**Q** 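Quick one: the structure is below, and I'll ask about it shortly.
Values reported hereafter were calculated over all heavy atoms of this structure, with side chains retained and with hydrogens, waters and symmetry mates removed. Since the model is a prediction, treat every value here as computed from it, not as a measurement.
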Amino acid sequence: MASKYHGPINRTRRPISIIIVIGLCCFCYLIGIWQKSGSGKGDKLALQVTEQTADCNVFPQTTLDFESHHNYVETVETSELTTKRFKSCEAKYTDYTPCHEQDRAMKFPREDMIYRERHCPPDDEKLRCLILAPKGYTTPFPWPKSRDYAYYANVPYKHLTVEKAVQNWVQFQGNVFKFPGGGTMFPRGADAYIDELASVVPIGSGMIRTALDTGCGVASWGAYLLKRNILAMSFAPKDNHEAQVQFALERGVPAVIGVLGSISLPYPSRSFDMSHCSRCLIPWASKEGMYMMEVDRVLRPGGYWILSGPPLNWKTYHRVWNRTKENCRAEQRRIEEYAELLCWEKKYEKGDVAIWRKNINGKSCRRTSANICQTKDADNVWYKKMDACITPYPDVKNSDEVAGGELKKFPARLFAVPPRIANEMVPGVTVESYQEDNKLWKKHVTSYKRSISLLGTTRYHNIMDMNAGLGGFAAALDSSKLWVMNVVPTIAENTLGVVYERGLIGIYHDWCEGFSTYPRTYDLLHANRLFTLYQDKCEFEDILLEMDRVLRPEGAIILRDGVEVLNKVRKIAAGLRWDTKLLDHEDGPLVPEKIFVAVKQYAVEGDEDQSTPNDD
């Protein structure tokens, strides 16, 4: 009855009410735009969220496409969440590496390089502040120019320019460092050195895609392999050769702080097509061959080990090394014996270089006696003690079969079914689910490029996937203009072996701890369901602060996760110097998974604490 009685009045008021509501919404929207407007800091290469220029915008308006699949998501406020604003760290922490700090390292034994391994601070000693860039910091040169040049202000350390002057590691010129491409064992340049190796190792054929550089210096070997479509995982300790890994990453070369010491390398078995030591000072002949056995564990059947430097060519250099002929001869003899024990065949020795090839399976091994590792999982290595034992080959049916499965040449390897999946070695992953995962990540990456128009270009060269899964994100993004560090969390399903079989590189890590890198070493961080994975393991705040530490000023972040988790992340991020957006899933607002996109603001030492960043 009431509805009939008031019907004509309601019909009259309804259009007027709608017009008033629409007018108010438009007015509020315009006020919001005015309040949120502003401009950031940085050089011409950097991209801004808040600037509306065509060339310097992480989210250029001309490329945004916020249809139903890209709507902004309203933050759900909860009473228990309050914004905590993080202060800037003291200037002395500008190059802080939480798990590799010198003061903490010196409390540990020097034996087996234990003091150079990871030693992370306990929870009550963690640094919970924002590490700022040094004064004068500038966005690094774009690749490939960054291979040869780096700004002094970004890595202000000249020690190597003096100590390694005659070896062409690095030179100081004006306000930049120049990297001529030399090394201790290749003063004529890495290109000429790699050409020599290519006379034996099939570099350039697609058979060699992943490489390990032990004791990499400033990673010139890895830098010059990139143009040959080979990804080298380089590592070196944080020692008196200050900032060598920092130089490597500033140049745009994959590298981590690390050492062959007492703990296993954080890589799965059968990962690398090639391993390299150029005067890396690793005592290969000691510890009953333990370090060679660890290289053997991560070296793929049919892979190559390259050694250049002592004790090779000892007849020429033993006096320069202040060693006797007998001592040098004995060391090389032990290396040869361990190589034979590991079923490596010497393929080349000339001057300072020797190359061995690992057998494709164990059928032809002629071991009279050997200590075989008894572990059932050669990939379970996080903080595991290294042993002087030989990792057995996977079983084969005949002498021509490649143990563990034969890989296709790259780039076909990238989307071919990895042997670990074909052989049902990854729980819950089938050939069909792997192929579906690839399709899904191609879709996701296409969507990302609508929000970050320069994704896939040299603007984002150093990229990290913090929860890599099967490597689908990196595979969909694969380009000579970038590389992706695929991190498989130690509490996630172990899929890193699959990542390597695809011709990608990565590392194990626990995100409750600091990553083995310097501050400001990555252009973009991506993580899929990382915070859901860690929500009961450690504080979101610590993970986000670590992300802020490793991300370069004006670098980007993309997170995929549930809306409740991302609202918690967004609340914490409001206390960081990030500009953030929360977007709907590509398939629409009804999908509970959302996309969090952020850009780190430009800030250097001496800047006053800035106001809370934009949070649209």
**Q** For Asn423, does the CG atom sit with more than 12 other heavy atoms under 6.0 Å from it, leaving out its own atoms?
**A**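 Atom CG in Asn423 is packed in, count exceeds 12.
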**Q** Which pairs count as ring-ring contact (aromatic ring centres under 6.0 Å, His included) when at least one residue sits in residues 262-281, sequence neighbours excluded?
**A**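 Residue pairs with at least one partner in residues 262-281: Tyr193-His276, Trp221-His276, Tyr267-Phe272, Phe272-Tyr500.
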**Q** Would you say the side chain of Ser447 lies within less than 4.5 Å of the side chain of Arg450, judging by non-hydrogen atoms?
**A**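 Contact flag for Arg450/Ser447 side chains = yes.
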**Q** Using atom types as modelled and distance alone, determine if a side-chain donor or acceptor of Arg279 lies under 3.5 Å from a backbone N or O of Pro310.
**A**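 No: the side chain of Arg279 does not pair with the backbone of Pro310.
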**Q** Please check: side-chain N/O of Glu401 versus main-chain N/O of Glu406, any donor-acceptor pairing under 3.5 Å?
**A**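 No: the side chain of Glu401 does not pair with the backbone of Glu406.
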**Q** Tell me the closest heavy-atom pair linking Val253 and Ala223, and the distance in Å.
**A**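 Closest approach of Val253 to Ala223: CG2-CB, 3.5 Å.
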**Q** List in chain and number order the residues that pass side-chain contact (heavy atoms from CB on, under 4.5 Å) with Ser480, two or more places apart in sequence or in another chain; answer none if no residue qualifies.
**A**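 By the side-chain contact (heavy atoms from CB on, under 4.5 Å) rule, Ser480 matches no residue at all.
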**Q** Between Arg560 and Glu586, does any side-chain N to carboxylate O distance fall below 4.0 Å?
**A**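 Salt bridge between Arg560 and Glu586, a charged N being under 4.0 Å from a carboxylate O: yes.
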**Q** Please give me the minimum heavy-atom distance between Trp284 and Leu307, naming the atom from each residue.
**A**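 What the structure gives for the nearest pair is NE1-CD1, 3.8 Å.
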**Q** Looking at Asn361 and Ser399, would you say the former's side chain and the latter's main chain have a donor-acceptor pair under 3.5 Å?
**A**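 Yes, Asn361 side chain to Ser399 backbone: donor-acceptor pair under 3.5 Å.
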**Q** Using ring-ring contact (aromatic ring centres under 6.0 Å, His included) as the criterion, list what pairs up with Trp314, not counting sequence neighbours.
**A**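 Applying ring-ring contact (aromatic ring centres under 6.0 Å, His included) to Trp314 gives none.
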**Q** For Cys280, what residues pass the disulfide bond (SG atoms under 2.5 Å apart) criterion, not counting sequence neighbours?
**A**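 For Cys280 the disulfide bond (SG atoms under 2.5 Å apart) partners, ignoring immediate neighbours, are Cys277.
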**Q** Heavy atoms, side chains only, cut-off 4.5 Å: are Phe596 and Ile558 in contact?
**A**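 No, their side chains stay 4.5 Å or more apart.
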**Q** Does the side chain of Met485 reach to within under 4.5 Å of the side chain of Met233, using non-hydrogen atoms?
**A**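 Counting from C-beta outward, Met485 and Met233 do come under 4.5 Å.
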**Q** Test your reading of the model: is there a side-chain donor-acceptor pair from Thr495 to the backbone of Gly469, 3.5 Å cut-off?
**A**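 Such a contact is found between Thr495 side chain and Gly469 backbone.
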**Q** By the ring-ring contact (aromatic ring centres under 6.0 Å, His included) test, which pairs, at least two apart or in different chains, include something from residues 333-359?
**A**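 Listed by first then second residue: Trp305-Trp344, Trp305-Trp356.
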**Q** Is a side-chain N or O of Ser271 found less than 3.5 angstrom from the main chain of Pro268, in a donor-acceptor match?
**A**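 Judged by distance alone, yes, a pair lies under 3.5 Å.
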**Q** Should the pair Glu546-Arg549 be classified as a salt bridge under the 4.0 Å nitrogen-to-oxygen rule?
**A**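 Looking at Arg549 together with Glu546, the answer is yes, because their closest N to O distance falls below 4.0 Å.
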**Q** Tell me, do Val402 and Val396 make a side-chain contact under 4.5 Å, heavy atoms counted?
**A**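 Not touching, per the 4.5 Å side-chain cut-off.
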**Q** Is any side-chain heavy atom of Met547 less than 4.5 Å from a side-chain heavy atom of Leu559?
**A**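 Yes; the side chains approach each other to less than 4.5 Å.
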**Q** Would you name the heavy atoms of Pro202 and Ile208 that are closest together and state the gap between them?
**A**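 Where Pro202 meets Ile208 most closely, the heavy atoms are O-CG1, 3.7 Å.
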**Q** Is there any salt bridge (Lys or Arg N to Asp or Glu O under 4.0 Å) pair reaching into residues 409-430, and which pairs are they, with sequence neighbours excluded?
**A**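 Residue pairs passing salt bridge (Lys or Arg N to Asp or Glu O under 4.0 Å), neighbours aside: Asp273-Arg413, Asp379-Arg420, Arg420-Glu501.
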**Q** Can you tell me how far the CD1 atom of Ile203 sits from the CG atom of Leu197, to the nearest 0.5 Å?
**A**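 Here the interatomic distance stands at 5.5 Å.
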**Q** Under the 3.5 angstrom rule, does the side chain of Tyr434 hit a backbone N or O of Ala416 as a donor-acceptor pair?
**A**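 Yes.
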**Q** Please give me the minimum heavy-atom distance between Asn467 and Asn528, naming the atom from each residue.
**A**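 Closest approach of Asn467 to Asn528, heavy atoms only: ND2-O, 2.8 Å.
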**Q** Not counting sequence neighbours, which residues clear side chain to side chain donor-acceptor pair (under 3.5 Å) with Arg228? List them please.
**A**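 Side chain to side chain donor-acceptor pair (under 3.5 Å) check on Arg228 returns Asp191, Asp195.
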**Q** Phe179 and ring-ring contact (aromatic ring centres under 6.0 Å, His included): which single residue from Phe247, Phe141, Tyr149 fits?
**A**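 Result for ring-ring contact (aromatic ring centres under 6.0 Å, His included) with Phe179: Phe247.
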**Q** Do Ser146 and Trp143 have side chains that approach each other closer than 4.5 Å (heavy atoms only, starting at C-beta)?
**A**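 SC-SC contact between Ser146 and Trp143 confirmed.
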**Q** How about CD on Glu196, more than 12 heavy atoms from neighbouring residues, nucleotides or ligands closer than 6.0 Å, or not?
**A**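 Counting other residues, nucleotides and ligands, CD of Glu196 exceeds 12 neighbours.
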**Q** With a 3.5 Å distance limit and no angle check, can you tell me whether Glu117 reaches the backbone of Ile263 through a side-chain donor-acceptor pair?
**A**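 Flag set: sc Glu117 to bb Ile263 pair under 3.5 Å.
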**Q** Look at the side chain of Thr430 and the backbone N and O of Ser433, then say whether any donor-acceptor pair between them is shorter than 3.5 Å.
**A**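 Here the side-chain-to-backbone pair exists.
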**Q** For Pro144, check side-chain contact (heavy atoms from CB on, under 4.5 Å) against everything at least two apart and list the hits.
**A**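 None.
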**Q** Kindly give the heavy-atom pair with the smallest separation between Tyr460 and Leu454, and that separation in Å.
**A**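 The answer is CD1-O, 3.6 Å.
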**Q** Mind jotting down which residue pairs meet the salt bridge (Lys or Arg N to Asp or Glu O under 4.0 Å) criterion with at least one end in residues 337-364? Sequence neighbours excluded, please.
**A**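 Applying salt bridge (Lys or Arg N to Asp or Glu O under 4.0 Å) to every pair that reaches into residues 337-364, excluding sequence neighbours, yields Asp296-Lys358, Glu336-Lys346, Glu345-Lys347, Lys346-Glu349.
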**Q** Strictly by ring-ring contact (aromatic ring centres under 6.0 Å, His included), give each pair with a member in residues 362-387 just once, sequence neighbours left out.
**A**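 Pairs touching residues 362-387 that pass the test: Trp382-His509.
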**Q** Check whether Asn486 reaches the backbone of Gly471 with its side chain - one donor and one acceptor, N or O, closer than 3.5 Å.
**A**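 The answer is no, because no donor-acceptor pair under 3.5 Å joins these two groups.
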**Q** Can you find a pair of side-chain heavy atoms, one from Val487 and one from Trp511, that are under 4.5 Å apart?
**A**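 They are in contact (side-chain heavy atoms under 4.5 Å apart), so the answer is yes.
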**Q** Evaluate the side-chain proximity of Cys373 to Met293: yes if any heavy-atom separation is below 4.5 Å, no if none is.
**A**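 Sidechains of Cys373 and Met293: no contact.
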**Q** Leu455 and Leu524: which non-hydrogen atoms are nearest, and at how many Å?
**A**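 So the two residues come closest at CD1-CD1, 3.8 Å.
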**Q** Quick one: which residue pairs count as a salt bridge (Lys or Arg N to Asp or Glu O under 4.0 Å) with a foot in residues 465-494, not counting sequence neighbours?
**A**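 Output for this query lists Arg209-Asp478.
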**Q** Tabulate below the donor-acceptor pairs under 3.5 Å that side-chain atoms of residues 384-392 make, not counting sequence neighbours, or state none.
**A**
residue : atom : partner : partner atom : Å
Lys384  : NZ   : Asn380  : OD1          : 3.4

**Q** More than 12 heavy atoms of other residues, nucleotides or ligands under 6.0 Å from CE of Met207: is that the case?
**A**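 At most 12 heavy atoms, drawn from other residues, nucleotides or ligands, come within 6.0 Å of this atom.
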**Q** Can you tell me how far apart NZ (Lys439) and CG (Asp437) are? Round to the nearest 0.5 Å.
**A**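 CG of Asp437 is found 11.5 Å from NZ of Lys439.
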**Q** Side chains of Asn438 and Arg502: any donor to acceptor distance under 3.5 Å?
**A**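 Yes, Asn438 and Arg502 have a side-chain donor paired with an acceptor closer than 3.5 Å.
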**Q** Can any side-chain N or O of Arg251 pair as donor or acceptor with the backbone N or O of Val218 at less than 3.5 Å?
**A**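 Side chain of Arg251 to backbone of Val218, a donor-acceptor pair under 3.5 Å: yes, one is there.
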